[in-house]
2 protein chains.
Amino acid sequence: MPTPARTSLDDIVQAGRDILASDGLPALTMQAVADRVGVRAPSLYKRVRSRDDLVRLIATTVAHELGDQLEALVSRDGATSEAQAQLTELAHAVRAFAYACPDEYRLIFAPTCETTRPEPEALTHSVGPLLRITTELAGPDSALDAARTVTAWATGFIGMELAGAFRLGGDIDRAYEFGITRLAAALASVPGTPSNQAMHRDPHDGPDHD
Amino acid sequence: MPTPARTSLDDIVQAGRDILASDGLPALTMQAVADRVGVRAPSLYKRVRSRDDLVRLIATTVAHELGDQLEALVSRDGATSEAQAQLTELAHAVRAFAYACPDEYRLIFAPTCETTRPEPEALTHSVGPLLRITTELAGPDSALDAARTVTAWATGFIGMELAGAFRLGGDIDRAYEFGITRLAAALASVPGTPSNQAMHRDPHDGPDHD
DNA sequence: ACCTGAACACCGTTCAAGT
DNA sequence: ACCTGAACACCGTTCAAGT
């Protein structure tokens with residue numbers, strides 16, 4: 001005899017996010033999620049394969065939302081400001097997100113293990129805006145390398161920051177500003193790639209030397 | 001009546017490293033360590049406050065060793081090659097270490113939580129060589145910011161690589177080369193700071209704009 | 001079809017009891 | 001002084017039994 005469902009996958013994912021945000025990843029136990037949605041722990045396995053699966057679902061959701069956020073930010077003033085300024089804005093937005101939601105951020109950009117990593121599609125989506133900017137900035141041939149350089153730097157910087165790894169004094173905000181300024185300049189300085197007309201350059205003067 | 005010690009802190013840390021290297025962090029349980037050193041799990045608490053404490057001890061040891069390794073590398077040809085080349089060499093050495101010992105690497109540069117992070121002294125030691133190079137490259141005023149930029153980029157890149165985050169195709173080795181080349185050039189290009197005579201520049205022309 | 005209690009195998013950790 | 005078995009509180013997960 002069928003009984004009505006007392007919860008849903010969305011409920012469970014949302015409950016998980018709430019617990020993650022308020023108490024951190026170790027507190028995200030099946031027991032805690034079950035309590036919050038008003039069900040016993042074993043029932044969760046009707047909607048979710050495992051705890052890692054749940055964590056991955058949360059990570060994917062958050063990554064997708066962050067992507068939307070960055071997309072909105074970039075498309076809002078994409079026409080008015082130039083690529084270097086957009087890149088800086090993007091870098092600050094990601095850092096602001098990490099400050100606001102450190103545990104969610106870590107789930108996306110500092111995944112504990114393979115099984116909890118957000119789905120590739122969500123990651124790709126969250127990097128979309130950056131890729132458009134680096135295409136404009138460094139040209140189509142170098143766009144991917146440039147995006148990877150920026151992503152690596154930003155996630156590395158913020159990850160170290162969240163981990164409390166900057167212990168030699170100095171102004172951390174200033175160090176972030178230093179990094180994005182130098183990076184933006186370095187990525188734009190491809191010979192033969194004017195920073196605002198990348199789409200019109202000759203594809204045969206590829207300067208990447210390595 | 002005193003009984004002779006059947007193990008030691010060094011034994012325990014070494015056993016932990018072995019387990020970490022062969023089976024990963026989740027396999028590094030007190031039980032597994034105890035089995036390996038030939039003792040029962042509760043006995044470990046005579047030498048170690050907790051599992052996290054043990055993980056931290058391992059992380060500290062590894063960070064210190066990596067520092068020694070990088071120190072040797074840089075001081076070996078510090079006089080002969082220029083700063084940009086040394087920086088590139090350093091970046092490749094760190095990446096090689098991450099490939100050889102991914103779990104040990106993660107313990108240092110992608111710490112799971114605060115309580116397992118290597119001791120500050122060990123981290124500082126491991127970054128020493130880099131700081132000397134960026135001093136030469138970017139000048140004393142920007143040395144710390146420059147070192148942070150490089151560290152952030154390298155740890156971010158390698159962390160993403162180990163997490164399998166580069167999913168858009170392209171040559172990853174090439175992307176790493178791209179990054180370090182651009183970074184080295186960007187950090188050296190401080191107005192008024194010739195890349196090989198940073199120690200002799202006028203400290204009052206500090207160009208950092210932010 | 002969904003939910004539950006009971007159970008299992010595993011954690012880290014404590015502690016009184018042994019030598 | 002060190003080691004141990006037993007125990008505790010917690011995990012994630014499975015499953016037969018209920019409705």
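Within every chain, numbering begins at 1; the chains are lettered A, B, ... in the order of the sequence lines, protein sequences first and strands thereafter.
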Extract all donor-acceptor atom pairs below 3.5 Å that involve side chains of residues 15-23 of chain A and protein atoms in other chains or at least two apart in sequence.
residue, atom, partner, partner atom, Å
A:R17, NH1, A:E65, OE2, 2.9
A:R17, NH2, A:E65, OE1, 3.2
A:D18, OD1, A:Q14, NE2, 3.0
A:D18, OD2, A:R36, NH1, 3.1
A:S22, OG, A:D18, O, 2.9
A:S22, OG, A:I19, O, 3.4

Counterpart residues, salt bridge (Lys or Arg N to Asp or Glu O under 4.0 Å), relative to B:R51 (two or more places apart)
none
Given Watson-Crick and G-U pairs under 3.5 Å, DNA chain C in dot-bracket ([ ] crossing, | other strand) is ||.|||||...|||||.||
Any pair counted as ring-ring contact (aromatic ring centres under 6.0 Å, His included), so long as it reaches residues 106-149 of chain B, sequence neighbours left out:
B:H64-B:H125, B:Y105-B:F109
State which residues pass side chain to side chain donor-acceptor pair (under 3.5 Å) with B:S50; sequence neighbours excluded, sorted by chain then number.
none
Among pairs that include at least one residue of residues 15-62 of chain B, which meet ring-ring contact (aromatic ring centres under 6.0 Å, His included), considering only residues two or more places apart or in two chains?
none
Looking at residues 5-19 of chain B, who's got a heavy atom less than 4.0 Å off DNA chain D?
B:A5, B:R6, B:T7
Between P of C:dA1 and NZ of A:K46, the distance in whole Å:
9 Å
Partners passing side chain to side chain donor-acceptor pair (under 3.5 Å) against A:Y99 (at least two apart in sequence or in another chain):
A:R95, A:E161
Check this for me: does any side-chain nitrogen of one of A:E71 and A:R132 sit under 4.0 Å from a carboxylate oxygen of the other?
yes
CG of B:D23 versus P of C:dC10: gap in Å, rounded?
15 Å
All N/O contacts under 3.5 Å from nucleotides 11-15 of chain D to the protein, with atom names and distances to one decimal?
residue, atom, partner, partner atom, Å
D:dG12, OP1, A:M30, N, 3.4
D:dG12, OP1, A:R51, NE, 3.4
D:dG12, OP2, A:M30, N, 3.2
D:dT13, OP2, A:Y45, OH, 2.9
D:dT13, OP2, A:R51, N, 2.8
D:dT13, O5', A:Y45, OH, 3.4

Those residues that, when tested against B:E119, pass side chain to side chain donor-acceptor pair (under 3.5 Å) (two or more places apart)
B:R56
List for me each residue that meets side chain to side chain donor-acceptor pair (under 3.5 Å) alongside B:E114, sequence neighbours excluded, and say none if there are none.
B:R117
Can you tell me the distance, in whole Å, between the CZ atom of A:R40 and the P atom of C:dA6?
10 Å
Set of salt bridge (Lys or Arg N to Asp or Glu O under 4.0 Å) partners for A:D68, sequence neighbours left out
none
